[in-house]
Amino acid sequence: MTEKDYSKYFQTPNLNLARRRTREGAQKIDFVMPANLGKIGRNKKFYIDTYGCQMNVHDSEVIAGILSELGYTPTENENDADVIILNTCAIRENAENRVFGELGRLKALKLQNPDLILGVCGCMSQEEKVVNTLLQKYQHVDIIFGTHNIHRLPEYLRDAYYNKERVVEVWSHEGDIVEHMPVLRQGKIKAWVNIMYGCDEFCTYCIVPYTRGKERSRYPEDILAEIEQLAKEGYQEITLLGQNVNAYGKDFKDREYGFGDLLKVIQKINIPRVRFTTSHPRDFDQKMIDALANRGNLCEHVHLPVQSGNNEILRKMNRKYTREEYLELVRELRKAIPDVAITTDIIVGFPGETEEQFQDTLSLVDEADFEGAFTFIFSPREGTPAAKFPDNVTEEEKHDRLQRLNQKINEKFLAAHKKYEGKIVEVLCEGPSKNDETILAGYTRTNKLVNFKGDHNNIGKLVKVRITEGKTWHLLGEEVNE
Ligand code: 5AD
Ligand code: SF4
């Protein structure tokens with residue numbers, strides 16, 4: 001391969017460029033497999049290591065779909081793999097450190113098997129600092145691509161094989177919406193469905209608007225066709241994915257159509273359960289609440305990240321709502337859907353957070369009565385505004401706050417779960433539990449994990465379970481035949 005050919009690929013990211021938003025709407029294109037590739041993966045195996053959120057989990061299903069079309073087969077054992085892809089997450093520093101650790105470990109595998117192709121993709125690839133480190137210190141990585149160009153993986157593999165060159169192509173700006181990508185789904189019971197890509201919120205701590213680009217919604221007709229197909233294939237549950245699903249449709253130039261409209265149509269599709277994640281409190285409107293109140297296949301669970309209970313911190317985070325507005329939304333949701341389970345994300349130790357401000361978060365947890373929460377210590381992300389905010393909170397204090405918050409949350413979960421005891425709930429039976437093959441596991445409509453004694457023939461079905469004990473993290477029960 002000539003230098004010139006190689007340079008056509010060599011493209012590294014730039015977070016400053018990624019911040020910019022253009023006015024143009026997203027174009028839609030269809031995935032096309034390059035004709036001249038044949039089955040370059042015949043007799044070869046792939047292994048994908050996925051970090052981070054559900055969006056990444058689903059992207060890995062697309063990567064697996066592309067690799068399968070090229071003739072590769074999946075393996076659970078990285079030692080057997082001819083291609084290893086690390087689909088990375090940039091949301092916090094510890095997620096990044098895990099990936100670097102893993103890459104260091106994989107160097108030995110690459111030395112043993114020089115034909116192994118090692119690829120890095122996902123949100124970390126979108127950061128110039130990471131790509132520079134990979135180029136300098138991790139020269140055993142063969143392919144680096146980003147979140148916007150997964151569909152070009154066949155070309156990257158071809159060039160890595162035939163030209164034995166490093167392939168680096170990361171786009172700073174989002175590209176088109178690519179429809180009809182091949183997907184190798186991880187299961188036959190639950191499926192992920194992307195409804196939009198990117199985020200325009202720019203919360204000051206968050207790297208996602210830079211790594212995932214501007215908000216782009218898939219057309220409802222494409223989403224509905226995918227869901228109809230999943231229903232035909234017998235899937236029991238789908239989760240609609242977007243960084244901020246409530247902003248769905250705001251980018252359409254040719255129609256007035258929002259998330260509430262989409263939910264109302266999906267409610268008519270014959271699939272037993274529909275979930276969605278993640279919601280931004282500011283964009284949650286009455287149409288969406290009405291759709292949820294109509295129930296049907298729409299599950300009684302809303303993941304509604306609050307991040308903090310203090311107005312000054314919320315302002316510094318650029319969350320665009322107050323504590324009072326958030327609690328009002330929680331009240332409205334509970335009025336419309338009395339048994340709704342509301343879960344949340346909370347960050348402690350945001351730069352300059354005082355003990356009083358942290359106390360506001362604790363009291364909000366009491367008032368909101370969350371049924372689940374992911375809690376994090378603020379992690380400065382280079383390129384985001386909050387990384388430069390003055391911070392006088394010590395590491396020790398941040399850890400102490402996280403511990404106090406978790407303790408409160410855990411007590412509340414246990415109390416909420418105790419209330420389930422004696423009740424009969426609907427569970428989607430997913431299979432044997434991880435720790436005990438004789439026990440089954442599944443989730444309620446409110447997204448509670450239930451481990452229960454029952455009939456293994458009912459795997460993949462909705463069953464009724466009587467709850468015998470509420471634990472902090474899950475419920476125990478027995479299947480009932482009514
Ligand atoms: N530090 C800590 N937590 C973060 N999150 C996003 N960015 C950061 C950061 N820089 C959390 C938020 C978000 C969840 C997905 O991750 O709570 O809702
Ligand atoms: Fe990040 Fe805020 Fe967008 Fe969520 S809404 S992805 S926290 S910027």
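Each ligand, and each atom within it, is numbered from 1 in the order the structure gives.
Tyr138 and His140 have tilted rings, their planes meeting at an angle from 30° to 60° on a 0 to 90° scale.
Annotation: salt bridge (Lys or Arg N to Asp or Glu O under 4.0 Å) contacts of Glu411 (sequence neighbours excluded): none. Considering only residues two or more places apart in sequence or on other chains, Asp369 meets the salt bridge (Lys or Arg N to Asp or Glu O under 4.0 Å) condition with Lys412.
With a 6.0 Å cutoff to the six-membered ring centre and a 45° limit on the axis angle, Arg218 does not count as a cation-pi contact of Tyr197. For the pair Arg319 and Tyr321, the NZ or CZ position fails the cation-pi test of under 6.0 Å to the six-membered ring centre and within 45 degrees of the ring normal.
A distance-only check finds a donor-acceptor pair linking the side chain of Gln357 to the backbone of Thr354 [under 3.5 Å]. No donor-acceptor pair under 3.5 Å is formed between the side chain of Glu397 and the backbone N or O of Thr394.
Checked by atom type, the side-chain pair His399/Glu396 shows no donor-acceptor distance below 3.5 Å. Ser172 and Asn14 are not linked by any side-chain donor-acceptor pair at a separation below 3.5 angstrom, with hydrogens and angles left out of the test.
Protein N/O/S atoms closer than 2.8 Å to atom 3 (Fe) of ligand 2, listed by chain and residue number, are Cys199 SG.
Under 4.0 Å from ligand 2, the heavy atoms of Arg319 that appear belong solely to its side chain.
When each of Asn310, Leu405, Val393 is paired with Phe358, the side-chain contact (heavy atoms from CB on, under 4.5 Å) condition holds for Leu405 and for no other.
In terms of protein heavy-atom proximity, atom 7 (S) of ligand 2 is closest to Tyr205 OH, 3.4 Å.
Residues of the protein with a heavy atom under 4.0 Å from ligand 1 are Ile91, Arg92, Tyr205, Gln307, Asp345, Ile347, Phe376, Ile377, Phe378, Ser379, Arg381, listed by chain and number.
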